[in-house]
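As structure tokens, the structure follows; a few thoughts come after it.
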Number of protein chains: 2
Amino acid sequence: MPSSFGQSGIDMLIRKLGSIANLSDEERQAIERLPVRINHLDARQDIVRDGDMPSHCCLILDGWACRYKLLSQGKRQILSFHIAGDIPDLQSLHVHTMDYSLATMKRATVAFIPRENLKELSARFPNLAALLWRDTLVDAATFRAWMTGMGRRTAYERIAHLFCEMYLKLQAAGLAGDYRCPMPLTQTDLADALGLTSVHVNRVLQEMRGHALITLRRHTLVIEAWHDLLQASEFDPTYLHLEKRAAA
Amino acid sequence: MPSSFGQSGIDMLIRKLGSIANLSDEERQAIERLPVRINHLDARQDIVRDGDMPSHCCLILDGWACRYKLLSQGKRQILSFHIAGDIPDLQSLHVHTMDYSLATMKRATVAFIPRENLKELSARFPNLAALLWRDTLVDAATFRAWMTGMGRRTAYERIAHLFCEMYLKLQAAGLAGDYRCPMPLTQTDLADALGLTSVHVNRVLQEMRGHALITLRRHTLVIEAWHDLLQASEFDPTYLHLEKRAAA
DNA sequence: GAATTAAGCTGCCGTAGATCAGTTTTTAGC
DNA sequence: GCTAAAAACTGATCTACGGCAGCTTAATTC
């Protein structure tokens, strides 16, 4: 079970960037030498809040986090999920006011990196800056995929699509394989991410189990019929841009 | 009527970047000297298609464009609208396969800029690279706002929210003012952007007219009650990040 | 300025998913 | 291993919005 990767430090970020383009030793070292303050957080803790102007960026080392937005009457929209190697508030490098909140989904380890040091890093290593920029672009592509789902897909298709996406992201991070991955989200979390209610998510999940598409128990998702799941959601992985870049 | 701005060239881009940080003469000149191929396009023409690997980026000089995604059975999701000064496929600087299509909404003038020249520009002027990166981050913030709407807002709120957003974007570009702006979108376009049907958009628009919130006729939107429109949509302009940056 | 087409509008009925109000099962803490 | 709380699940009912089909008005074209 691939769950003991780079919990010790910043290597999940290096792994992620390195999966796109080859890093020089100098670049690798510069990342490793970033000053970080490491924090262990419980589940469901806010990391940064809507409206804040944080001076640090948050790198997830272990666990899951999400971006979300609160509306009136307690309505919540989850905007994205994040795993080890992600910097969900990297945008604060260039826009200073948060337009969403960031919170853990389960127990998580996060590293806070001063914004100024990240800025310096990207100034000194344009190649790294490009990789980080690229990362925010893939982020945006994922938003587009979710938007397409919420606007034009049924609940069944949306849930299937999210499972495909999360599985591939976890697999790319070395945190999943063999059509099996951690899934620490509650049905309420899924609902808030997909624009549904937890009641409806519950019914659709049962329908998916009825079709022998998935098993979902005790925070583990097993995809029993990958191909059918792809088909059910019209999933096209292009937007994840997981391919290795040819040349630097 | 503010409609005769910089149609001649690339100045809408300079205006936009210059509204965020002051540009040096050198930077301004470098932008002006970008090799461009200018094209006049009819309404509803594809500029780039889902799956393409374009060698040029597209700068809108005049008119409107949109990003969209097609699904099975002719379902269409519009992902964003673009006006003069936008480069809706700037992302192809760093990820090479398009995961959506780009099309004009009405007659438009666009400039095609070779990707390589834009890459060069951003390598030579890190300050410009940062501004372009920032632009893609605001883009992502807009996706988040739309997602929040599609997931958790009613049709009425969503339409009101879009009107607020487009008015402010057009105003910032000098293309609107006095609570009046061009709105070349059909009700079907609005529906495809907001995850609704044109029939429902029609009914909601009438409701909004009934509440004396807006006038929408002959491709012109007049916001009759700005404050009520803001309130109806719980609109918070933070995500547009229109403020000028303090220091470079 | 007649013809054609696209966009806007209406009414009726259907349904995916919401809402409410629980009960049962699982998980986590001591 | 017991307890408390959270999550999962169920059934009944409701509604915002969709689907369809036809009609009207406005915009283009020649």
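Convention: sequence-line order gives letters A, B, ...; per-chain numbering from 1. Note that these values count all heavy atoms, side chains included, but never hydrogens, waters or copies made by symmetry. All of these numbers come straight from a predicted model, not from anything done at the bench.
- Residue contacts for T154(A): at a heavy-atom cut-off of 4.0 Å it reaches the sugar-phosphate backbone alone, with no base atom in range.
- The aromatic rings of H161(A) and Y239(A) lie parallel to each other, with less than 30° between the two planes, well short of the 60° mark.
- As rounded to whole Å, 15 Å separates atom C1' of dC17(D) from atom CG of D192(B).
- Distance from the side chain of R203(B) is smallest for dT10(C) among the nucleotides dG17(C), dT10(C), dA7(C).
- Computed from coordinates, the D189(B) CG to dA7(C) C1' distance equals 11 Å when rounded to whole Å.
- Between V199(B) and V201(A), the residue whose closest nucleotide on DNA chain C is further toward the 5' end is V199(B).
- Per the geometry, CG belonging to L190(A) stands 16 Å off C1' belonging to dG17(C), to the nearest Å.
- Nucleotide dA5(D) holds its P atom 17 Å from the CZ atom of R44(A), rounded to whole Å.
- For H219(A) and dT27(C), the NE2 to C1' distance is 8 Å, given to the nearest whole Å.
- A pairwise comparison of heavy atoms in E157(B) and A232(B) identifies CG-O, 3.3 Å as the closest pair.
- Dashed line: the shortest gap from a side-chain N or O of R218(A) to OP1 or OP2 of dT26(C) is not under 4.0 Å.
- The shortest distance between the side-chain N/O atoms of R209(B) and the OP1/OP2 oxygens of dC9(C) is below 4.0 Å.
- A salt bridge links R67(A) with D139(A): at least one charged nitrogen is closer than 4.0 Å to a carboxylate oxygen.
- When the side-chain nitrogen and oxygen atoms of N202(A) are compared with OP1 and OP2 of dA8(D), none of them lie within a distance under 4.0 Å.
- A straight line from CD of Q187(B) to P of dT25(D) spans 15 Å, rounded to a whole angstrom.
- Distance CG (L194(A)) to C1' (dA16(C)): 15 Å, rounded to an integer number of Å.
- The CE-C1' distance, from M183(B) to dG8(C), rounds to 16 Å in whole Å.
- The phosphate of dA7(C) has neither OP1 nor OP2 within less than 4.0 Å of any side-chain N or O from R217(B).
- The side chain of Q206(B) places an N or O atom within less than 4.0 Å of a non-bridging phosphate oxygen (OP1 or OP2) of dT10(C).
- A salt bridge between D192(B) and K69(B) is absent, with no side-chain N of the basic residue lying under 4.0 Å from a carboxylate O of the acidic one.
- Within the 4.0 angstrom heavy-atom criterion, no nucleotide atom of any strand lies near R107(A).
- Using a 30° and 60° split on the angle between ring planes, Y156(A) and H211(A) fall in the tilted class, from 30° to 60°.
- Residue L205(B) is out of contact with every strand shown, counting any heavy-atom pair closer than 4.0 Å.
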